[in-house]
Amino acid sequence: MIRVEGLRKRFGGVVAVDEVSFEARDGMVTGLLGHNGAGKSTTLRMICGLLQPDAGRIHVDGADPVARPLEAQARIGALPDAAGLYARLTAREHIEYFGRLRGLPNDQLEANIDYWTRALGMENIIHRRAGGFSHGERTKVAMARALAHRPQNVILDEPTNGLDVMATRAVREVIATLSKEGRCVVFSSHVMQEVSALCHRIVVLARGRVVADGAPDEVREQAGEADLEDAFVALTGQKLEAV
Amino acid sequence: MNLQRLGIVARKELVDAFRDRRAVGVLAIGSLVGPALIAFSLNAQIRRQSVAELRVPVTGAQYAPLLVDWLRQQPDVTVVEGPRDLAAAQAAVRAGDEDFVLAIAEDYGEDFAALRPGRVRIVRDSAGRSSGASRDRLRRLVGRYSEEIGWLRLVARGVDPKIASAVSLQDLELSTAQQRAGRILAMIPIMALLAAFSTALQIATDSTAGERERGALEALLLNPVPRLELVVGKWLAATIFALAGMVATLGLMAAALAMVPFAEAGVRFSFTVTQGLQWLVAMLPAGLLAPAIEIYLASFARTFKEAQQYMGFVIMVPMLALVGALTFPEATGVWLAPAPILGQFELAKEILAGESPAAIWYVLGTFSTLACAALLLGLTARLFRSEKFLLGR
């Protein structure tokens, strides 16, 4: 479970995240919805202990990423926005590297590699070097690498951004499975359709602030709009980007 | 620090680097260029020193039997029969069959008997590939013959030949072949240090600035691993390359030195296995520091290209210091041993000169150099923790 209270972060004179609070429960998919620059990535990076908030508190299953980032990171598996691969390593070596860094014993590492290879449909690329991978293949490897230890808390920053239909479907299936397994999944997106299809709970961010928070139905209610997309426009005063 | 995790990071970087043709190429070139250069210049220097046989083709030897006999008696001079006349001599030189020909005029004997200067020509082609040094030597020899005969003529007339010379000009050559060779040998430690910097360069920049540029570093930082371990792991990989480069350079250098004909040039030089090991012990700390410097500076760069620009300076700075130490040898001494890089150079130089620096200098040099490396790695880890580093600003 991830809980965020009154999170603030400014870069120079720009307030990137302003009083953001929400809770992402186990067994649920929580979506952070907002435009580019709304503060989604900054919020997720603070949860992962990569950025220090100026104010506010974060709990990741009782661990505090601000005071003890490594403790929180041990409980999280996170896919950053731009997750670059090592062009000269194979897909398998990517998963192995991160799994070993997290101290997985060999048999468990093997089992997890097998699991992700199947779950993400990577059978044909698992022994190939990442240099020539398509965007979809790269995202799958980056995801398997981030989740090599099969963490309780999963953070995915725009995981489906720029993916083709097949790869998007694979990622969505993984997200659904993760929450069915009782894990806490937080993912960010600017695609309304995706958020409404996958999320049990939506947190709408605009200019660093939470403008709506709740189940999809509640968000529609808060905005007074029947359609989620219209609700988003009403809440943020901005149109959603074309998918 | 978790050693197992250090190994995991280092291993990944090594696998990555070994699959990188550029890194392996740099390793190979970096450790080959130095020895090749040294062997070549030492050989050239020594060939220049050694007194080669002077071969003098003479045309018209029958007109000046005294001169030709005198030339034959000079050490390292061989007189051979040249083309049959002046025209043939000119043709031979023009065609490049001879570098030069000593051509004695038909009336030389007549002039000589009449106490007039006999005409002797050196046929040469300065535009061609003629050997200036040999020609000058022949010119001096003929001049000396002329002088000796002149003196004899003066003595025969009861005149002191000394009055014919108003000035006595002598060259006082101070450098010996030994010293000239020594100057080149002092380049060896520089080459080894250069190898340490150049072979680690690719891996140091690619594993920091390169990964940052490609967005791979943020994913790595999401693992619950202390930043210092990540940095030290990357440094370990770069250091293995640097040490491999240094050992290869020194080994190849030793092999190259074995092929240089020192004795032929009268240069006393021997390099024992013990000296070689002393050398390694003295210089290896630089192989630990060079990658630390590179990793630290490359971590400031946002892109691989930017990092490469920094690396140009990284290599320049120690090289300038070393050139300074070479240029002002009187200002250096074994007391420089505790200075990073300069100290390794100084110790290596002392060993090369046949000295045995006291163990304390090795200890001080190693300790201070490792302390510098540790400081830089610590600073890099701090950089890895900073937000600026992550956000690329």
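All chains are named by letter (A, B, ...) in the order of the sequence lines, taking the proteins before the strands, and each is independently numbered beginning at 1. Note that the structure is predicted; figures quoted are calculated from it, not measured.
Look at A:K9 and B:E387 and you find a salt bridge, because one of the NZ, NE, NH1 or NH2 atoms lies within 4.0 Å of a carboxylate O, short of that distance. Ionic pairing of A:E93 and A:R145 is not present here: no N-O contact between side-chain nitrogen and carboxylate oxygen is shorter than 4.0 angstrom. For the pair B:D206 and B:R214, the salt-bridge criterion is met [side-chain N within less than 4.0 Å of a carboxylate O].
In this structure, no portion of A:E71 lies under 4.5 Å from any heavy atom of chain B. Residue A:R102 touches chain B through its side chain alone, counting heavy-atom pairs closer than 4.5 Å. Interface remark: B:R227 contributes side-chain atoms only to the contact with chain A (heavy atom separation under 4.5 Å). Only the backbone of A:A82 comes within contact range of chain B, with heavy atoms under 4.5 Å apart. Contacts of A:R75 with chain B are absent, with no heavy-atom separation under 4.5 Å from either backbone or side chain. Residue contact with chain A, scored on non-hydrogen atoms closer than 4.5 Å, involves the backbone and the side chain of B:L220 alike.
Across B:R385, B:E211, B:E229, B:E213, the residue that shares the most heavy-atom pairs under 4.5 angstrom with chain A is B:E211. Counting heavy-atom pairs under 4.5 Å between each of B:K12, B:R5, B:R11 and chain A puts B:K12 at the top. Ranked by non-hydrogen atom pairs under 4.5 Å with chain A, the options B:V225, B:N2, B:D16 are led by B:D16. The choice from B:S386, B:A17, B:P224, B:G215 that makes the most heavy-atom pairs within less than 4.5 Å of chain A is B:P224.
Checked by atom type, the side-chain pair B:D20/B:Q202 shows a donor-acceptor distance below 3.5 Å. Checking B:Y310 against B:E306 by side-chain atom types alone, a donor-acceptor pair falls below 3.5 Å.
Side chains of A:N112 and A:I95 form no contact here, defined as non-hydrogen atoms less than 4.5 Å apart.
Counting non-hydrogen atoms of other residues, nucleotides and ligands closer than 6.0 Å to CE of A:M166 gives a total of 12 or fewer.
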